[in-house]
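To start, the structure itself, in structure tokens.
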Amino acid sequence: MNPTTSVDHLTPRRWAEANRLLVRKALAEFAHERLVSPEPIGTDRYRVRADDGTVEYRFQARLLALDHWRIDPASITRHAGDRELPLDAVDLCLELRGALGLSDEVLPVYLEEITSTLAGTAYKLGKPQVSAADLVEADFQEIETQMTEGHPCFVANNGRIGFGVHEYHRYAPEAARPVRLLWLAAHRDHTTFSCAADLDYDTLVRAELGAPTLARFADTLTGLGLDPADYLLIPVHPWQWWNRLAVTFAGEVARRDVVCLGEGPDEYLAQQSIRTFFNVTEPGRHYVKTALSVLNMGFMRGLSAAYMQDTPAINDWLAALVDGDPVLRRTRLSILRERAAVGYRHRQYEAATDRYSPYRKMLAALWRESPVPGLEPGRRLATMASLLHVDRAGRSFAGALVARSGLPAARWLRRYLDAYLVPLLHSLYAHDLAFMPHGENVILVLHEGTVERVIFKDIAEEIVVMDPTAELPPRVRRVQVTVPEDEKILSIFTDVVDCFLRHLNAILVTEGVLDEDTFWRTVAECAADYADSVPHLADRLRRYDLFVAEFPLSCLNRLQLRDNRQMVDLADPSAALQFVGTLANPIARFAPPR
């Protein structure tokens with residue numbers, strides 16, 4: 001790639017616009033998490049002062065339910081005395097360093113993540129515009145690659161520290177460039193493979209690669225005097241080979257414990273999670289999730305060989321639970337099972353590190369089902385993140401879906417909630433089970449603009465069973481965690497209400513699709529109707545009350561600002577939570593009569 005043209009997206013105009021958008025988000029989310037306190041200076045006018053008081057930001061905003069600050073980006077100005085200064089998201093973080101609690105260690109890395117997020121926005125601003133209305137008719141992967149916002153709560157949400165600019169153009173989801181994965185042969189003495197009960201290694205690799213490619217790979221090994229039967233195949237992100245494995249695993253390569261076999265036959269598109277790939281050559285084949293030693297939004301995106309050994313068993317268990325529950329069957333919920341996993345265990349790095357170390361997460365992969373084979377005629381797929389997508393004209397994808405459906409907005413919303421919220425409520429109340437149901441982890445099945453059902457994915461790394469006394473199969477016990485009784489309901493209040501529905505409400509209200517009362521009344525009616533449908537769970541519904549007047553505010557940015565390399569321990573997610581006061585529950589006033 002030409003070094004000059006590689007930065008063509010970094011123009012003064014786009015950089016200024018990217019900064020305005022990110023400063024808006026930073027002010028809004030930092031205010032929501034009470035890291036800053038906007039002061040009123042007029043009707044719908046506010047200001048936020050820097051730590052030392054020498055700089056202030058002024059803006060127009062509307063305060064919505066859940067302390068959501070709907071800031072008009074065009075209204076934001078930055079002032080130092082009588083001078084107006086340009087908006088700069090990095091400067092904002094420096095000026096608010098004390099308020100944000102940024103330590104000397106975290107600060108420079110966080111600023112790098114902010115800068116990378118800005119660069120990504122500038123790139124997206126340079127892409128051809130696709131309207132929300134046109135996106136309604138787009139296919140699954142076009143929608144995926146058109147997403148612009150990233151996680152709706154995290155400010156530094158596209159750090160991707162490790163990618164060079166040429167690699168950004170090659171591998172970022174928004175670049176929408178097909179990628180061929182590299183395949184390695186890894187010696188069985190150091191490699192673990194696990195799979196679902198109805199699958200085996202040979203069946204998997206034949207289905208994923210085909211006989212000609214398998215023969216080519218075998219020829220490469222025999223040409224080196226090696227026996228293919230001694231090796232297992234691992235798909236690898238090309239970045240990981242060039243930047244980590246070929247150097248950091250040099251001894252393994254030299255000893256022929258790891259052998260690079262070259263590219264596979266299929267082309268893939270990177271998903272929003274950057275390390276997971278959708279097969280565009282054969283869409284019915286599995287997603288492939290790869291290890292990627294890139295720092296992004298609070299985690300190094302590696303995969304642990306040891307951690308993934310039980311992944312297929314966890315998925316088998318959850319699939320059986322979903323299939324066997326009549327309420328979940330009625331919602332038509334399905335999951336994309338992670339069907340197989342493979343990982344290489346580097347003896348020396350394991351001897352030198354603990355289980356958190358990125359050195360243990362460099363060479364592994366898993367295969368996840370594709371949603372395509374199970375799609376009914378006339379249906380479309382879309383990432384749920386698309387419901388928070390707004391095009392450059394200010395029109396939302398959610399609003400365009402409502403228009404396409406021809407339904408009243410409240411009825412459209414209720415159908416979506418029946419498909420999305422009800423399975424989450426029932427999982428909590430019937431099974432003490434919580435998903436991580438943010439937009440990137442949920443796929444919508446759409447029919448004529450209406451959400452018919454949802455598909456949950458990213459299972460084994462994200463689900464938790466919050467009952468420490470539950471009897472689980474030995475290989476599933478990894479997902480069993482102890483959560484304080486008063487925090488269990490936060491799997492709904494934080495992960496669903498505050499981190500997703502808060503933003504969807506703001507988008508639909510701002511666009512005039514419906515009003516706030518209608519939005520939250522519809523959520524309340526969905527929850528109340530679910531409660532009426534499960535009288536046998538009445539005691540648990542009272543214990544974990546959805547209609548309580550307020551709930552604790554659990555803050556995501558505070559996690560990243562405290563430690564942007566390992567925000568939480570997945571084995572004990574409750575321990576790291578950052579609480580700051582409470583939020584008024586927007587559905588409480590619509591509670592059914594007791």
Side-chain angles (χ1 to χ4, degrees), residues 1-19 21-22 25 88-90 108-130 141-151 154-182 236-247 263 267-278 280 288-303 358 362 383 385 389 392 440 560 564-565:
M1 178 173 241
N2 185 301
T4 303
T5 59
S6 68
V7 291
D8 279 350
H9 57 291
L10 299 177
T11 66
R13 180 182 62 79
R14 289 182 195 144
W15 194 250
E17 186 174 354
N19 273 280
L21 293 172
L22 194 57
K25 183 173 186 176
D88 188 299
V90 172
V109 180
Y110 191 74
L111 296 183
E112 186 178 2
E113 290 183 282
I114 289 287
T115 302
S116 182
T117 299
L118 289 167
T121 301
Y123 178 88
K124 295 166 192 172
L125 290 170
K127 292 178 65 175
Q129 297 188 38
V130 178
Q141 288 306 294
E142 183 178 358
I143 293 171
E144 184 83 13
T145 58
Q146 287 295 325
M147 296 298 95
T148 57
E149 181 54 41
H151 195 288
F154 285 104
V155 175
N157 64 13
N158 276 284
R160 300 165 184 173
I161 295 176
F163 276 177
V165 67
H166 61 304
E167 292 157 336
Y168 177 90
H169 284 281
R170 189 74 191 88
Y171 303 126
E174 57 270 22
R177 289 188 61 182
V179 174
R180 290 183 187 268
L181 299 178
L182 292 175
V236 172
H237 194 300
W239 185 94
Q240 192 76 352
W241 171 254
W242 289 110
N243 293 275
R244 287 293 181 270
L245 301 175
V247 177
E263 293 181 344
E267 292 190 327
Y268 294 79
L269 281 177
Q271 304 297 279
Q272 293 168 71
S273 61
I274 74 170
R275 59 177 168 168
T276 302
F277 290 91
F278 181 86
V280 290
V288 179
K289 186 173 183 177
T290 60
L292 185 64
S293 300
V294 166
L295 183 67
N296 193 54
M297 208 172 72
F299 289 101
M300 188 71 73
R301 298 290 160 171
L303 284 178
M362 289 192 182
T383 173
H389 176 75
R392 289 186 219 165
E440 199 275 325
Q560 189 178 13
N564 51 1
R565 296 178 186 273

Gap between atom [atom2] of [Y] and atom [atom1] of [X] - 0.5 Å precision:
X	Y	atom1	atom2	value
W15	H9	CH2	NE2	8.0 Å
N157	I114	CG	CD1	8.5 Å
N158	N296	CG	CG	6.5 Å
M147	E142	CE	CD	9.5 Å
I161	M300	CD1	CE	8.5 Å
R392	K127	CZ	NZ	9.0 Å

List the residues meeting salt bridge (charged side-chain N to carboxylate O under 4.0 Å, His left out) with E149, not counting sequence neighbours, and say none if there are none.
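Residues passing salt bridge (charged side-chain N to carboxylate O under 4.0 Å, His left out) with E149: K25.
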Quick check: closest heavy atoms across [X] and [Y], and the distance to 0.1 Å?
X	Y	value
Q560	E113	NE2-OE2, 3.4 Å
G159	S116	O-OG, 2.5 Å
S293	R244	CB-NE, 3.6 Å
L118	A89	CD1-CB, 4.1 Å
V179	P238	CG1-CG, 3.9 Å
L182	W241	CD1-CB, 3.6 Å

Are side-chain heavy atoms of L269 and P173 found at a separation under 4.5 Å?
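They are not in contact (no side-chain heavy atoms under 4.5 Å apart), so the answer is no.
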Check whether any side-chain heavy atom of S6 sits under 4.5 Å from a side-chain heavy atom of M1, and report yes or no.
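Side-chain contact under 4.5 Å: yes.
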side-chain contact (heavy atoms from CB on, under 4.5 Å), paired with V236, selected from L245, T290, L181
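Single pass found, and it is L245.
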Go through the steps for L303 and R275 under the test side-chain contact (heavy atoms from CB on, under 4.5 Å), then give the verdict.
CA-CA 10 Å; L303 284 178; R275 59 177 168 168; 3.4 Å; yes
With side-chain contact (heavy atoms from CB on, under 4.5 Å) as the criterion, how do R160 and E167 come out once you've worked through the C-alpha distance, each side chain's angles and the decisive distance to 0.1 Å?
CA-CA 10 Å; R160 300 165 184 173; E167 292 157 336; over 6 Å; no
With Y110 via ring-ring contact (aromatic ring centres under 6.0 Å, His included) - residues at least two apart
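ring-ring contact (aromatic ring centres under 6.0 Å, His included) check on Y110 returns nothing, list empty.
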Given Q271, which partner from the list K289, E440, Q141 fulfils the side-chain hydrogen bond (donor to acceptor under 3.5 Å, both in side chains) test?
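Among K289, E440, Q141, the one that satisfies the side-chain hydrogen bond (donor to acceptor under 3.5 Å, both in side chains) with Q271 is Q141.
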Kindly indicate, with the supporting measurements, whether the criterion side-chain contact (heavy atoms from CB on, under 4.5 Å) is fulfilled by Y123 and R14.
CA-CA 8 Å; Y123 178 88; R14 289 182 195 144; over 6 Å; no
Please confirm whether the backbone N or O of P178 pairs with a side-chain atom of R170, one donor and one acceptor, at under 3.5 Å?
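Indeed, once roles are kept as given, a pair shorter than 3.5 Å links the two residues.
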Would you check, one step at a time, whether the test side-chain contact (heavy atoms from CB on, under 4.5 Å) holds for L21 with T121?
CA-CA 9 Å; L21 293 172; T121 301; 4.3 Å; yes
On the 0 to 90° scale, with breaks at 30° and 60°, tag the Y171-F163 ring pair as parallel, tilted or perpendicular.
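Answer is tilted, since the angle falls between 30° and 60°.
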Any side-chain donor paired with an acceptor under 3.5 Å for T148 and E174?
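No pair is found: no donor N or O on one side chain lies under 3.5 Å from an acceptor on the other.
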